[in-house]
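In what follows, chains carry the letters A, B, and so on, assigned in the order in which the sequence lines appear, proteins first and then strands, with residues in each chain numbered from 1. What you are looking at is a predicted structure, and each value in this text was computed from that prediction instead of being measured. What's counted below: heavy atoms across the whole structure, side chains too, no hydrogens, waters or symmetry copies.
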Number of protein chains: 2
Amino acid sequence: MATSLAEENYLKIIYRLCEGTKEGISTNSIAELINNKAASVTDMLQKMAEKGWVTYQKYQGVRLTEIGQNIALSIIRKHRLWEVFLVEKLGYNWDEVHEIAEQLEHIESETLINKLDSFLDFPKIDPHGDPIPSQEGEIPELEYLHLSEVKLNETCTLMGVAKDSAVFLQLLTKLNLSLGARLEVVEINTFDRSISLKIAEEKPIFISHEVAKNILVKI
Amino acid sequence: MATSLAEENYLKIIYRLCEGTKEGISTNSIAELINNKAASVTDMLQKMAEKGWVTYQKYQGVRLTEIGQNIALSIIRKHRLWEVFLVEKLGYNWDEVHEIAEQLEHIESETLINKLDSFLDFPKIDPHGDPIPSQEGEIPELEYLHLSEVKLNETCTLMGVAKDSAVFLQLLTKLNLSLGARLEVVEINTFDRSISLKIAEEKPIFISHEVAKNILVKI
DNA sequence: ATTAATTTTTAGGCTAGACTAAAAATTAAT
DNA sequence: ATTAATTTTTAGTCTAGCCTAAAAATTAAT
């Protein structure tokens with residue numbers, strides 16, 4: 001069944017919210033992320049339930065069905081592949097590509113996305129370190145730690161970010177924190193949980209707990 | 001002012017129809033190309049006239065204003081650049097790219113299209129030989145002849161096509177007629193105006209007047 | 001120069017997807 | 001265990017962009 005632009009955006013957001021929990025996703029939380037009023041969301045959820053993309057019970061929130069999840073994954077796949085294209089081929093910075101990929105992810109053509117995948121050499125992660133689902137909807141499960149969980153004096157590699165707002169990414173860029181960087185936690189302040197961090201062999205920089213929480217690393 | 005998808009499609013089609021004539025473009029001719037009913041077209045034309053993109057007088061047809069023309073040209077620029085990308089970088093054939101480019105042409109980002117332009121090395125023509133408008137809306141005016149106008153025993157180079165339907169392009173491909181081919185008209189049948197044609201030094205092939213009319217060449 | 005045929009416009013509807021305001025259900029607080 | 005606060009749903013509107021049917025204007029034909 002064909003999906004409209006509005007429906008695709010709902011599916012994507014519900015997918016993201018489902019990831020964190022086994023509970024039903026609340027109307028309000030969707031409304032907030034999609035920037036609509038709750039009444040409009042209720043409306044759409046009922047239509048999507050009829051199409052079999054979500055299970056929905058009044059006042060109990062929604063969850064994606066198998067089908068809904070597959071549609072969501074294919075949109076996410078497209079979004080992330082286009083982001084790789086924008087950064088790798090067109091020379092964008094990682095904080096500039098989100099808006100454009102939001103549009104490109106809705107281009108409908110199975111062959112296009114597979115040719116793009118091949119042109120990009122089958123990347124496994126996007127410019128923010130997020131995994132790219134396969135054509136079959138499989139996500140390479142990479143278990144990363146949040147930098148905030150790394151112990152004192154341990155060394156790790158920056159593998160991704162848990163948030164891809166432009167301001168956050170620009171901050172990382174300014175701090176010289178990029179994908180693949182080798183990091184050593186040289187101090188943890190118990191007061192505010194801020195961290196002192198060595199990047200490669202440079203002199204240490206300070207980052208807040210809030211920032212550390214949104215950086216994903218591998219030991 | 002922002003343009004909707006529907007509006008962009010109207011502008012594109014009106015632009016194409018304006019090219020052929022100085023007259024007002026008829027409601028019916030637009031309706032046919034855009035696959036809507038005449039009543040819907042009238043409706044849209046009146047809205048677009050209010051926005052200043054067309055001049056419209058009841059029963060007299062429309063023409064694009066300067067502004068309307070510039071919007072149309074920017075869409076055409078995007079369409080043709082994306083077609084180059086699809087053929088040159090992703091390996092599509094020239095008869096496969098139209099539908100996908102119809103979607104990609106609506107992606108909104110000034111920087112994107114300029115970066116794409118540069119990535120593709122500032123192509124001047126698309127895979128069908130159509131000129132790509134510049135950022136300023138200038139079209140490199142290439143005056144080509146229709147192959148049907150070439151005189152007996154003259155030699156010419158295939159520079160483009162006047163029609164880009166998939167069936168036509170597939171026919172050309174089958175006949176080994178591709179952009180840049182050297183052609184010699186070795187026979188013209190007065191009866192049906194069909195042509196006998198040498199491609200490079202191969203043995204001659206026959207093509208109908210209808211086909212010859214849609215092939216653009218340079219002497 | 002009327003009449004006939006064609007084209008275009010108007011008028012009134014429809015659907016998707018948003019909205020507001022009010023009603024109903026759920027959750028929290030006394 | 002009621003009452004209060006919050007969340008969600010229903011009911012009724014609105015706009016963009018399409019439709020059909022009928023009216024009006026234009027063009028063609030006798």
Side-chain angles (χ1 to χ4, degrees), chain A residues 1-14 17-18 20-64 68 71-72 75 102-103 105-106 108, chain B residues 1-14 17-18 20-64 68 71-72 75 102-103 105-106 108:
Chain A
M1 199 184 298
T3 47
S4 73
L5 199 145
E7 288 166 343
E8 292 193 357
N9 285 330
Y10 273 93
L11 287 169
K12 219 177 36 167
I13 278 168
I14 298 168
L17 292 168
C18 276
T21 170
K22 271 280 172 189
E23 309 282 298
I25 303 308
S26 78
T27 303
N28 254 2
S29 62
I30 298 169
E32 203 171 316
L33 280 177
I34 215 165
N35 254 305
N36 282 352
K37 293 300 150 87
S40 314
V41 174
T42 299
D43 220 65
M44 182 58 104
L45 294 183
Q46 290 172 346
K47 286 176 195 164
M48 296 197 344
E50 270 182 27
K51 300 193 179 190
W53 299 337
V54 297
T55 57
Y56 167 77
Q57 299 181 84
K58 275 192 192 181
Y59 297 100
Q60 303 308 133
V62 279
R63 303 272 318 166
L64 290 180
I71 303 171
I75 300 162
E102 288 282 303
Q103 297 181 64
E105 72 191 4
H106 301 292
E108 189 189 301
Chain B
M1 198 183 297
T3 48
S4 73
L5 200 145
E7 288 165 343
E8 293 193 357
N9 286 329
Y10 272 93
L11 288 169
K12 218 177 37 167
I13 278 169
I14 297 169
L17 292 169
C18 277
T21 170
K22 271 279 173 194
E23 308 282 297
I25 303 308
S26 79
T27 304
N28 254 3
S29 62
I30 298 169
E32 202 171 317
L33 280 177
I34 215 164
N35 254 305
N36 282 352
K37 292 299 149 88
S40 313
V41 174
T42 300
D43 219 66
M44 182 58 103
L45 295 183
Q46 289 172 345
K47 286 176 195 163
M48 296 196 347
E50 270 182 27
K51 300 193 179 188
W53 300 337
V54 297
T55 56
Y56 167 76
Q57 299 181 85
K58 276 191 193 183
Y59 297 99
Q60 303 310 133
V62 279
R63 303 272 321 166
L64 289 180
I71 303 172
I75 300 162
E102 287 282 302
Q103 297 181 62
E105 73 191 2
H106 301 292
E108 190 190 300

*Asks:* Of the non-hydrogen atoms in B:C18 and B:L64, which two are nearest, and what is the gap between them?
*Replies:* SG-N, 3.9 Å
*Asks:* Whole angstrom is fine here: how far is it from CD in B:Q46 over to P in D:dA16?
*Replies:* 14 Å
*Asks:* For a quick test of reading the model, state the closest non-hydrogen atom pair linking B:N9 to B:E105 and the distance between them.
*Replies:* OD1-OE2, 3.9 Å
*Asks:* Any chance you could measure B:D43, atom CG, to B:M48, atom CE, to the nearest 0.5 Å?
*Replies:* 11.5 Å
*Asks:* Any pair with a residue in residues 49-63 of chain A that passes side chain to side chain donor-acceptor pair (under 3.5 Å), sequence neighbours left out, goes on the list, sorted by first then second residue, please.
*Replies:* A:E7-A:K51
*Asks:* Count the heavy atoms belonging to other residues, nucleotides or ligands that lie under 6.0 Å from CD of A:Q46, then report whether that count exceeds 12.
*Replies:* yes
*Asks:* Where along residues 48-55 of chain A does a heavy atom fall under 4.0 Å from DNA chain C?
*Replies:* none
*Asks:* From the list C:dT9, D:dG17, C:dG17, which nucleotide is the closest neighbour of the side chain of B:Y56?
*Replies:* C:dT9
*Asks:* Can you list the steps and then say if B:I25 with B:V54 is a side-chain contact (heavy atoms from CB on, under 4.5 Å)?
*Replies:* CA-CA 11 Å; B:I25 303 308; B:V54 297; over 6 Å; no
*Asks:* Looking at every heavy atom in both B:L17 and B:S29, which two are closest together, and how far apart are they?
*Replies:* CD1-OG, 3.7 Å
*Asks:* Output the rounded distance in Å from CG (B:D43) to P (C:dG12).
*Replies:* 14 Å
*Asks:* With side-chain contact (heavy atoms from CB on, under 4.5 Å) as the test, would you mind laying out the steps for A:Y10 and A:N36 before giving the verdict?
*Replies:* CA-CA 11 Å; A:Y10 273 93; A:N36 282 352; 3.1 Å; yes
*Asks:* With rounding to the nearest 0.5 Å, note down the distance linking CG in A:L11 to CE in A:M44.
*Replies:* 8.5 Å
*Asks:* If you check the B:T42 side chain, which of D:dT10, C:dT10, C:dC19 turns out closest?
*Replies:* C:dT10
*Asks:* What's the CG-C1' distance between A:L5 and D:dA16, to the nearest Å?
*Replies:* 15 Å
*Asks:* Taking CE from A:M44 and C1' from D:dT8, how many angstroms apart are they, rounded to a whole number?
*Replies:* 17 Å
*Asks:* Output the single nucleotide from C:dT10, D:dG17, C:dC19 whose closest atom is nearest the side chain of A:S40.
*Replies:* C:dC19
*Asks:* In this structure, how many angstroms lie between the C1' atom of C:dA16 and the OH atom of A:Y10, rounded?
*Replies:* 11 Å
*Asks:* Quick one: which protein N/O atoms are closer than 3.5 Å to N/O atoms of nucleotides 23-28 of chain D? Pair and distance per line, please.
*Replies:*
unit_1 : atom_1 : unit_2 : atom_2 : d
D:dA25 : O4'    : B:Y59  : OH     : 3.3

*Asks:* Would you write out the dot-bracket form of DNA chain C, 5' to 3', with Watson-Crick and G-U pairs under 3.5 Å, [ ] for crossing pairs, | for pairs to other strands and . for unpaired bases?
*Replies:* ||||||||||||||||||||||||||||||
*Asks:* Calculate the interatomic distance between A:E8 atom CD and C:dG17 atom C1'; express it in whole Å.
*Replies:* 15 Å
*Asks:* Among residues 26-38 of chain A, which residues get a heavy atom nearer than 4.0 Å to DNA chain D?
*Replies:* A:S26, A:T27, A:N28, A:A38
*Asks:* If you draw a 6.0 Å radius around CD in A:E108, do more than 12 non-hydrogen atoms from other residues or ligands fall strictly inside?
*Replies:* no
*Asks:* Between atom NZ in A:K47 and atom P in C:dT15, what is the gap in whole Å?
*Replies:* 11 Å
*Asks:* Would you compute the distance between atom NE2 of B:H106 and atom OG1 of B:T3 and round it to the nearest 0.5 angstrom?
*Replies:* 9.0 Å
*Asks:* Begin with the C-alpha distance, continue with both residues' side-chain angles, and end with the deciding distance and a verdict on side-chain contact (heavy atoms from CB on, under 4.5 Å) for A:I71 and A:K12.
*Replies:* CA-CA 8 Å; A:I71 303 171; A:K12 219 177 36 167; over 6 Å; no
*Asks:* Run the numbers on B:L45 and B:I14 for side-chain contact (heavy atoms from CB on, under 4.5 Å), then give the verdict.
*Replies:* CA-CA 10 Å; B:L45 295 183; B:I14 297 169; 3.9 Å; yes
*Asks:* Considering residues at least two apart in sequence or located in another chain, which fulfil the side-chain contact (heavy atoms from CB on, under 4.5 Å) criterion with A:K37?
*Replies:* A:S40
